[in-house]
Each structure stands twice: as C-alpha cells, then as structure tokens.
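Since the structure comes first, as structure tokens, the remarks are kept for the end.
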Amino acid sequence: MNITANWVKNLIQDFIAASPHNTMQNETGERAWDSALVGFASGADQIWQQYKEYVGAFHWTPWEVFNQHCPEETVSAEQLTVISWILPQRNLVRKTNRQAKKYPSEEWARIRVYGEAFNVALRNHVVSNLEKAGHPAIAPMLVPNWTIVQSKRFSYASSWSERHAAHAAGLGTFGLCDGLITARGKAMRAGSVVAKLSIEPTPRPYADHRAYCLFFAEDTCGKCIDRCPVRAITEAGHDKEKCRQHLARAREYVKKTYQFEGYGCGLCQVGVPCEAGIPVKAAREALERGELPPPPPPLA
Ligand code: SF4
Ligand code: SF4
C-alpha cells in the first residue's frame, strides 16, 4: 500500500480523536491531548550521523535501531523514514502548571503519566497500522534495549531522543532549558517511529538548532532560569542531574498530595515566552510565510 504523509497524519489525528487511551484518568475523564504536529525525516539524512558524533556512539541512527529490531528486512538508510510527532500540552494543563512554584500541578503530573501512556499506545498504533499496510516499523523508545547512559559531556544521554528526532523532522529547535521549542511551543511531549517507507522529508525551517530561543537568537529572555525551583537552569544551560533529583522529590509529592503514582515538573515549560509558540518574531513570521533558510552547519 502506498503510504502518504496525509495518511500518517490522519492515522495520528484519528487516534487522538477516538482512542480510549486519550484520557487524564481524572474524575471527569478529561482527554489528555487534542492535536498533533507531524513531521518526516529521511533515514539517510546526515543529521543522524551528526547526532551520533555529537552525543556519542551509543546514540542510534534510524538505520541502526531498525536493523537491530527488524533483522529479517534488508534495508538501506535511504529506504527509511522517521515519523515524528509533537503532542502540544492543552491550555488547561499549561494554565494550572503556570501557577506551580515548586512541584507540578495535578493536571501536569497526570499528563506525564497517563498522557505519556497514550503516547506509548500511539507509537504502537502507528507501528501496527504501518505493518498491516506492508511497511515494517519500530518505535525506538519502546525497544527493550533503549537505555539511558551516563555521558561525560551531557551527564545523561539516551540511545534515542524524541526531541532530536523532532528537530530532524523540522518540528522545532532547542531552548536554553534543553526543551524543544515547536510552532506550538515547548510545553509538549514527542514521539516517533522508524519505518521502511518513502515519504518526502519535512524541510527544516531553521539554520541553527537554537533559532527559536530568545536567549540564543536575541540575547534576551532567560525566563526559564527563574522558573526552575532548583536552579537547574543557568546561562550555561541545563543541569540534568539537579533536574533529575527534583523529579525524584516530585514523585513523593505527587503520591502524597494527589494520591497517584506519578511525577513531573515542567515548570520551565510554562509561564515563559516559548510556552505555546515560537517567541522569536522573525523566525515565527518566516515560518508563517513558509520561508526556508540556507542549510544549517553541522551541529558539532
Ligand atoms: S524561556 Fe526564554 S531563554 Fe528559556 S528556552 Fe524559552 S525562549 Fe529560551
Ligand atoms: S523540569 Fe523542573 S527541575 Fe527540571 S529544569 Fe525544568 S523547572 Fe527545573
């Protein structure tokens, strides 16, 4: 079956609209998500090799992860497409977390757990429907050997990163706090699937991997620094270890206060200019006009 970009987008949108997994599991059964941004990248894009060189040898290219888990298929990198999606946080979730000063709002913590459970179901749904249509596929975050490793350069890094896949698929650039700023902002969760499939890649509408962050583009803002309750963000960037320790404390808080097993923080994702859109005016307007910059330089 010939799969088009619209077929994939509709598959994702229909699942958001109809899946019983799309719930915050609160008393009113509020849905977790209402829409998605979807982008595509070629398995042969040079950016995957650049990530590997920049992050470390343990970081997979699409071809590496596909071949580990679909060994019966003989494929070249050119025959693979990475499908990436962004699930923007709904206004009601952002609004409650904007008021948070130390630990996440109940809604935010519910999304971190039940919204992510939906994201897992969505990855499985995309994989199984592609396979039914004759296109072998895998979700890198769900393979058993996906792992987080300690890294000298980054303190922690993983075998596959949804934010990096989204950046490759034209969906956003990185902010001072490490989050990915998309056309619908930084308050979001991301997902991806690698498939033996040919879909035209989404052009990357940025020349720099930090083009949408005011701190790097205009030397202003830094609002995420003040939003972080544990000073894990400074002008030097994001301290992942401090952030991780706070998330562990948030787990205890969520259990005690909201009475469910959950965690989260995301205070740096809300109450900031990049919460729900691209704050750099020139970049936002260029995207709206559909302009493309010259190709970006290598990341490293
Ligand atoms: S809050 Fe400001 S400095 Fe921080 S990521 Fe967003 S735009 Fe960049
Ligand atoms: S997630 Fe929370 S602890 Fe981590 S950097 Fe953002 S505000 Fe700080």
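Nothing here was measured: the structure is a model prediction, and the numbers come from that model. Whatever order the structure lists ligands and atoms in, that order sets their numbers, starting from 1.
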Exercise for the section: Could you check whether the rings of Tyr258 and Tyr253 sit parallel, tilted or perpendicular, using 30° and 60° as the cut-offs? Expected result: perpendicular
Handout entry: Residue Cys213, metal atom 8 (Fe) of ligand 1, N/O/S under 2.8 Å
Key = yes
Handout entry: Candidate with minimal heavy-atom separation from atom 2 (Fe) of ligand 1, of Pro279, Cys221, Cys228, Gly179
Key = Cys221
Problem - Taking atom 7 (S) of ligand 1 as the reference point, the nearest protein heavy atom with its distance - result: Leu214 N, 3.4 Å
Practice task
Find all atoms of ligand 2 within a distance of less than 4.0 Å from any non-hydrogen atom belonging to His238, and give their numbers and elements.
Solution key: 5 (S)
Problem - For Pro229, the ligand 2 atoms whose distance to one of its heavy atoms is below 4.0 Å - result: 7 (S)
Problem - Heavy atom of the protein closest to atom 6 (Fe) of ligand 2 (residue, atom name, distance) - result: Cys268 SG, 2.3 Å
Problem - Proximal ligand 2 atoms for Cys265, defined as those under 4.0 Å from one of its heavy atoms - result: 1 (S), 2 (Fe), 3 (S), 7 (S)
Problem - Nearest-contact summary for atom 4 (Fe) of ligand 2 - protein heavy atom, Å - result: Cys243 SG, 2.3 Å
Exercise for the section: For Glu275 and ligand 1, answer yes if some heavy atom of the residue is under 4.0 Å from a ligand atom, otherwise no. Expected result: no
Handout entry: Under 4.0 Å to a heavy atom of Gly266 - the qualifying atoms of ligand 2, by number
Key = 1 (S)
Practice task
Kindly assign one of parallel, tilted or perpendicular to the pair Tyr212 and Tyr206, based on the angle between their ring planes and the thresholds 30° and 60°.
Solution key: perpendicular
Problem - SB check Arg110 Glu107 (cutoff 4.0 Å) - result: no
Handout entry: NZ/NE/NH1/NH2 to OD/OE distance under 4.0 Å, Glu285 and Lys281
Key = yes
Handout entry: atom 3 (S) of ligand 1 - nearest protein heavy atom and its distance
Key = Gly222 N, 3.3 Å
Handout entry: Cys224 touching ligand 2 at heavy-atom level, < 4.0 angstrom
Key = no
Handout entry: Where ligand 2 meets Ile233 - atom numbers and elements under 4.0 angstrom, heavy-atom basis
Key = 5 (S)
Practice task
Just let me know how Arg227 lines up against ligand 1, side chain, backbone, both or neither, with a heavy-atom cut-off below 4.0 Å.
Solution key: neither
